[in-house]
S.K.: 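Here it is, the structure in full.
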Number of protein chains: 2
Amino acid sequence: MQANQSVADVMTFREREYKCGIDITLAVVGGKWKASILWHLAQGTMRFSDLQRQFSDTTRKMLTQQLRELEEDGLVYRKVYAQVPPKVEYSLTESGRSIHPILEQMCSWGKQFLKESS
Amino acid sequence: MQANQSVADVMTFREREYKCGIDITLAVVGGKWKASILWHLAQGTMRFSDLQRQFSDTTRKMLTQQLRELEEDGLVYRKVYAQVPPKVEYSLTESGRSIHPILEQMCSWGKQFLKESS
DNA sequence: ATACTGAGTACCTTTTTGGTAACTATGAGA
DNA sequence: TCTCATAGTTACCAAAAAGGTACTCAGTAT
């Protein structure tokens, strides 16, 4: 069996080095879709296919990847139902919920910023 | 003269599309060093060489690049003194300062998060 | 004449990220 | 028996971001 470079051995935030908390936060939500995923999941538990609908401009692969990294970092909880066809539900953990205020601020700052500079 | 892919024609946040403010914010501070640069500049005006000392594990080139993008996005102000050897000072603009509360939150969330998950 | 200085730029390589398409599993329904 | 559905995985490729090294420019000090 060969070593593979799949989702499973992506470096989690714990294995890196940081000089300040900002880097940690960015490592966790800095991915292209992660912040948005957390933002959407704040509305409640969602199935993979729900998320796919919300993020229609990304691929299954990307979604899976980002979700798995969020899971590894302990921000989302993934519940697999042993049934066919498969059913998988995603929801926020306590940590995932605790970042919400930051996302809110980022959202309003971003909108404000765009308004001011146009 | 050939087209070149240097700092000058990196896409600024204005040229992209966003679905929500979060993406805008990430586009602006999501670069590997940008948030930290803004964080440090909050202490006051700095010369390029001051920043180089703070970010000793990155290269002049990376610093320049990130600073230029921040300048293009209107978060930092770059003042060049017409003297030799050159002197260039960087400081935050109003927009640059307005993002500080978010950085603070990110900093403390990150530290807290690391503590909880170790 | 030469070396030094700060703040870069040019050119190239490596690493990371994103995308496409094909493949999987398993039970239900036709 | 064949196809459909969901939630993936995998291999392969392209694009973007990051990194490294060498070079520049124009005064000033030696």
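Letters go in sequence order (proteins before strands), and every chain restarts at 1. Everything quoted here is computed from the prediction, not taken from an experiment.
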S.K.: Output the single nucleotide from dA7(D), dT5(C), dA7(C) whose closest atom is nearest the side chain of P85(B).
M.R.: dT5(C)
S.K.: Please determine, for the side chain of V88(A), which listed nucleotide (dG19(C), dT9(D), dA7(D)) has the closest atom?
M.R.: dA7(D)
S.K.: Given 3.5 Å as the limit, does a donor-acceptor pair link the side chain of S56(A) with the main chain of Q52(A), or not?
M.R.: no
S.K.: Quick one: is dG8(C) close enough that its OP1 or OP2 comes under 4.0 Å of any side-chain N or O from R78(B)?
M.R.: yes
S.K.: Check every strand shown and say whether Y90(A) touches a base, only sugar-phosphate, or nothing at a heavy-atom separation below 4.0 Å.
M.R.: sugar-phosphate
S.K.: Rounded off to whole Å, could you give me the CD-to-C1' distance for the Q83(A) and dG27(C) pair?
M.R.: 11 Å
S.K.: What contact category does Q66(A) fall into here, base, sugar-phosphate, or nothing, at under 4.0 angstrom with non-hydrogen atoms?
M.R.: sugar-phosphate
S.K.: Please evaluate the base of dG8(C) for a donor-acceptor partner in the side chain of K61(B) within a cut-off of under 3.5 Å?
M.R.: no
S.K.: Does OP1 or OP2 of dA5(D) have a side-chain N or O of K87(A) closer than 4.0 Å?
M.R.: no
S.K.: Which nucleotide sits closest to the side chain of P86(B): dA7(C), dA18(D), dG8(D)?
M.R.: dA7(C)
S.K.: Is any side-chain nitrogen or oxygen of T58(B) closer than 4.0 Å to OP1 or OP2 of dA18(D)?
M.R.: no
S.K.: May I ask you to say what W33(A) touches in the nucleic acid, namely base, sugar-phosphate or nothing, with a heavy-atom cut-off under 4.0 Å?
M.R.: nothing
S.K.: Tell me: CG of L63(B) to P of dG20(D), nearest whole Å?
M.R.: 13 Å
S.K.: R47(B) has a side chain; which of dG19(D), dA7(C), dT6(D) sits nearest to it?
M.R.: dA7(C)
S.K.: Sub-3.5 Å donor-acceptor pair from the side chain of R97(A) to the main-chain atoms of L92(A), do we have one?
M.R.: yes
S.K.: Measure from CG on D23(A) to C1' on dA18(D) and round the result to the nearest Å.
M.R.: 15 Å
S.K.: Measure the distance from CE on M46(B) to C1' on dA7(C) and round it to the nearest whole Å.
M.R.: 17 Å
S.K.: Under a 3.5 Å distance rule, please check whether T93(A) uses its side chain to pair with a backbone N or O of Y77(A) as donor and acceptor.
M.R.: no
S.K.: Could you tell me the separation between the NZ atom of K32(A) and the C1' atom of dA17(D), rounded to a whole number of Å?
M.R.: 12 Å
S.K.: Identify whether any heavy atom of T59(A) sits under 4.0 Å from a base atom; if not, whether one sits that close to sugar-phosphate; answer base, sugar-phosphate or nothing.
M.R.: base
S.K.: For the residue pair H100(A) and W39(A), does the interplanar ring angle fall in the parallel (under 30°), tilted (30 to 60°) or perpendicular (over 60°) class?
M.R.: parallel
S.K.: Rounded to the Å, how far apart are E69(A) CD and dT16(C) C1'?
M.R.: 11 Å
S.K.: Whole angstrom is fine here: how far is it from CD in Q65(B) over to C1' in dG8(C)?
M.R.: 12 Å
S.K.: Could you state the CG-C1' distance from L51(B) to dA7(C), rounded to the nearest angstrom?
M.R.: 12 Å
S.K.: Got more than 12 heavy atoms from elsewhere within 6.0 Å of NZ, K111(A)?
M.R.: no
S.K.: Check whether any side-chain N or O of T25(A) sits under 3.5 Å from a backbone N or O of M106(B) as a donor-acceptor pair, and report yes or no.
M.R.: yes
S.K.: Phosphate oxygens OP1/OP2 of dT20(C): is one of them under 4.0 Å from a side-chain N or O of R60(A)?
M.R.: no
